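So you know, we letter chains A, B, ... as the sequences are listed, proteins then strands, and number each from 1. Not measured: the values here are computed from a predicted model.
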There are 4 protein chains.
Amino acid sequence: MSEERWEKLTYWPLIIASVLFIVAYSWQVISVPTGMAETVTRFVMFATWAFFAVDYVVRLTIARERRRWFFRHLFDLAVVLIPAMRPLRLLKALTVIAALQRTAGAALRSRIAIYGAGAALTLIWMAALAVLEAERPAPDSNIHTFSDAFWWAFVTITTVGYGDFYPVTSWGRTVAVLLMTGGIAVVSIVTATVSSWVLEKAVGDDDDQEPATRGQVRQVARQITDVAARLGEAPPERRDGPSLGS
Amino acid sequence: MSEERWEKLTYWPLIIASVLFIVAYSWQVISVPTGMAETVTRFVMFATWAFFAVDYVVRLTIARERRRWFFRHLFDLAVVLIPAMRPLRLLKALTVIAALQRTAGAALRSRIAIYGAGAALTLIWMAALAVLEAERPAPDSNIHTFSDAFWWAFVTITTVGYGDFYPVTSWGRTVAVLLMTGGIAVVSIVTATVSSWVLEKAVGDDDDQEPATRGQVRQVARQITDVAARLGEAPPERRDGPSLGS
Amino acid sequence: MSEERWEKLTYWPLIIASVLFIVAYSWQVISVPTGMAETVTRFVMFATWAFFAVDYVVRLTIARERRRWFFRHLFDLAVVLIPAMRPLRLLKALTVIAALQRTAGAALRSRIAIYGAGAALTLIWMAALAVLEAERPAPDSNIHTFSDAFWWAFVTITTVGYGDFYPVTSWGRTVAVLLMTGGIAVVSIVTATVSSWVLEKAVGDDDDQEPATRGQVRQVARQITDVAARLGEAPPERRDGPSLGS
Amino acid sequence: MSEERWEKLTYWPLIIASVLFIVAYSWQVISVPTGMAETVTRFVMFATWAFFAVDYVVRLTIARERRRWFFRHLFDLAVVLIPAMRPLRLLKALTVIAALQRTAGAALRSRIAIYGAGAALTLIWMAALAVLEAERPAPDSNIHTFSDAFWWAFVTITTVGYGDFYPVTSWGRTVAVLLMTGGIAVVSIVTATVSSWVLEKAVGDDDDQEPATRGQVRQVARQITDVAARLGEAPPERRDGPSLGS
């Protein structure tokens with residue numbers, strides 16, 4: 001089976017597994033279920049883990065250049081092997097959904113805003129879960145409820161950082177560092193998009209005042225070629241400049 | 001009656017109602033009036049609420065495509081129905097004023113700076129009122145005076161976040177999240193505008209070094225068309241490129 | 001006497017008065033001098049105040065359109081009349097020095113970086129002095145030494161905001177708000193300049209990949225005009241487009 | 001010997017000395033070695049210091065314009081003479097590695113991201129070491145372990161600033177100020193690069209919609225010159241515009 005076919009086949013199962021995983025993981029961390037509920041969440045989390053592991057092995061097996069594939073997917077391996085990294089499984093789903101959206105023909109800015117806001121919310125949600133799991137058992141920690149963890153994640157990703165809640169364990173701080181590194185970039189995208197939307201609402205835009213595009217200049221170049229064609233054959237000298245395609 | 005006529009008719013009443021609402025709401029939250037004053041502020045807030053509700057119902061009734069209008073104005077419905085969201089009514093007035101300014105011919109940057117600064121101040125003011133209303137009754141809260149709430153909102157919107165004041169109630173934190181999301185974007189607009197103003201003051205600008213505009217390239221394309229016109233009829237081939245209007 | 005002559009005459013005196021003022025104000029706030037030293041600092045501060053007041057009155061008197069000048073220089077009036085605003089006198093000197101630099105032919109980016117860093121340091125220094133003056137007498141304040149105030153101003157202007165020091169008095173918070181509003185813009189300029197410098201150092205730049213400039217397109221337009229001139233007189237139609245000067 | 005030859009000769013020794021220095025300095029600060037280990041780290045730090053000092057003296061001696069070289073390398077002198085500034089020696093190595101990367105033909109954005117991330121991590125690591133060295137002996141300090149110092153540096157460079165840890169000594173605060181000034185710029189580069197990468201992943205890019213480049217316009221200008229060449233000799237008037245090379 002080719003890589004493309006496998007990816008097409010596992011497209012919806014991967015998204016469904018990611019959603020199931022986030023639901024089970026959220027349930028497990030937020031309400032610490034016991035008895036039957038605990039069995040169910042544990043089973044769902046094991047099943048989604050197994051699915052990710054099988055997907056990894058299959059893709060490694062059918063890869064054309066196995067060695068190169070292995071080194072390009074070390075992140076996928078870590079997500080499968082290291083239990084503490086399981087919240088990152090969701091990032092995989094995010095990449096897949098991005099591919100989906102690329103095919104859709106929605107307007108550019110609203111797509112960025114929706115996708116960015118979705119990615120930011122997912123990051124905040126997963127970081128809140130992971131931090132809560134890491135901090136709750138620590139004796140001198142101050143994040144003990146999901147509501148506080150969610151608030152902490154939001155205060156962190158916007159770089160406000162009140163300091164009313166902060167992680168004290170090694171893993172909690174690692175989650176915070178990942179949230180800052182990835183999240184601040186995503187938030188800056190959303191902020192920039194919102195800014196440009198507000199600007200357009202308040203100001204209106206004059207297309208003639210936008211920076212010229214490469215496509216425009218290429219069209220001008222084609223026009224000149226037309227003019228030159230009418231004047232006779234192409235001149236022999238001065239065609240050694242950089243191509244307009246660059 | 002058409003939608004446009006209704007909007008023109010309610011233009012000034014809506015702005016006046018918004019101003020009355022902000023005055024009454026500020027008075028109610030800041031000085032917690034009793035007796036006659038309480039009756040007046042309560043009446044003004046009820047009257048402005050009724051006005052917004054009537055405006056909503058009328059606009060829904062006269063809308064050409066009612067179903068589409070309903071889904072596009074869910075925010076307006078929430079503002080009318082949920083008491084805690086009433087401070088957001090002011091955002092409506094901001095949108096209306098923006099429309100007003102678009103017709104005026106003022107210089108671009110000063111308009112952005114004034115509108116952005118106005119929007120930021122309104123957001124800070126309303127967030128301070130809403131947070132104070134939410135936090136004052138909470139037993140373990142630290143925001144108890146309007147002066148502290150106003151200072152907190154300013155420290156939050158600039159992402160400084162000292163942590164001397166922070167919300168502890170669910171609604172207070174929701175207000176903070178809204179302030180961060182909307183406000184940081186507005187502040188980044190104002191900062192960018194001030195930066196570009198300072199840069200221009202300190203450096204001066206050379207128009208020849210600015211990025212070329214689409215209007216300029218279109219003008220060049222027109223010039224070439226003129227040249228081509230003088231050489232004879234338009235050539236038949238190579239007119240299939242992307243339009244310069246794109 | 002014309003406005004220009006007065007401005008030329010008072011150019012160096014104003015800068016010297018600003019420097020004297022900052023030295024005397026710093027001395028007064030930092031070491032709280034007594035006896036002879038107190039008399040000297042008080043005299044210098046009075047003398048520079050008198051100089052600014054005289055400069056204001058003279059410029060108002062010789063202004064061509066007195067009413068317009070008055071409304072355009074309300075800030076200067078406030079600085080002269082309100083004692084608490086005296087640290088802002090320095091901003092005037094900054095504007096004057098900016099004018100000086102504009103005439104110099106130094107490279108663009110280093111000029112922005114030096115001027116921005118100078119403005120940021122002046123803002124930090126004056127904010128530290130003003131906050132210390134406001135906070136020291138307050139009973140529940142935590143900023144009591146100039147070293148702490150200077151550190152606080154730096155932590156604030158970079159929006160880090162640890163919260164180890166923060167103002168508690170109304171005037172101290174007003175200074176903080178001014179520092180945030182003005183300072184964050186200046187810091188963002190310096191950061192952007194440093195970023196572009198680091199980028200150029202690490203990457204090198206390919207001029208061919210920079211955005212096209214308006215001057216370039218104007219030159220292309222001139223070339224086409226040359227070609228058209230050789231083909232005969234200007235064609236009568238299609239000259240109604242937007243001017244390239246826009 | 002020429003400057004270029006000396007730089008080529010000391011290229012790898014300088015990088016190795018920098019790496020040895022960072023290892024020895026990290027060891028000394030983190031685990032406070034005693035006995036044999038202390039002797040080794042002290043010797044390595046002295047040896048690398050001696051190497052930097054000799055390199056400085058040789059480069060000053062063989063410089064073509066010694067006076068100019070001296071004033072352009074005051075930073076190098078400070079790093080050699082002032083013990084507290086030794087962590088900054090590493091910045092030198094960063095500049096050298098940057099020069100190395102410029103010759104490599106890797107893709108632009110990944111190079112910026114890798115170099116920026118490397119520079120940010122080096123800054124965080126060295127700032128953590130320097131702050132720990134400064135704060136540990138202070139009686140009222142709160143940064144006592146390397147883990148806390150590293151966490152503090154990360155929270156500072158992202159401008160989150162919880163305030164759970166902050167420097168209290170003069171030298172610790174100076175390190176913090178350097179970290180903020182240099183680091184925030186580097187972090188903003190990495191954030192901008194990650195943002196543009198995420199944007200491209202989520203949106204895809206249409207080369208025709210990118211801003212036109214100077215190289216493109218130069219190519220168009222060459223095309224017009226070709227057309228003009230076929231029409232006869234260059235026209236005498238209107239060649240006085242700004243050169244396209246500007």
Novice: Would you call the rings of Y166(C) and Y162(B) parallel, tilted or perpendicular, where under 30° means parallel and over 60° means perpendicular?
Specialist: tilted
Novice: T156(C) and V160(B): which non-hydrogen atoms are nearest, and at how many Å?
Specialist: O-CG2, 3.8 Å
Novice: Less than 4.5 Å apart, side chain to side chain, heavy atoms only: is that true for F150(B) and V177(C)?
Specialist: no
Novice: Do T158(B) and T159(C) come within less than 4.5 Å of each other through their side chains, counting heavy atoms only?
Specialist: no
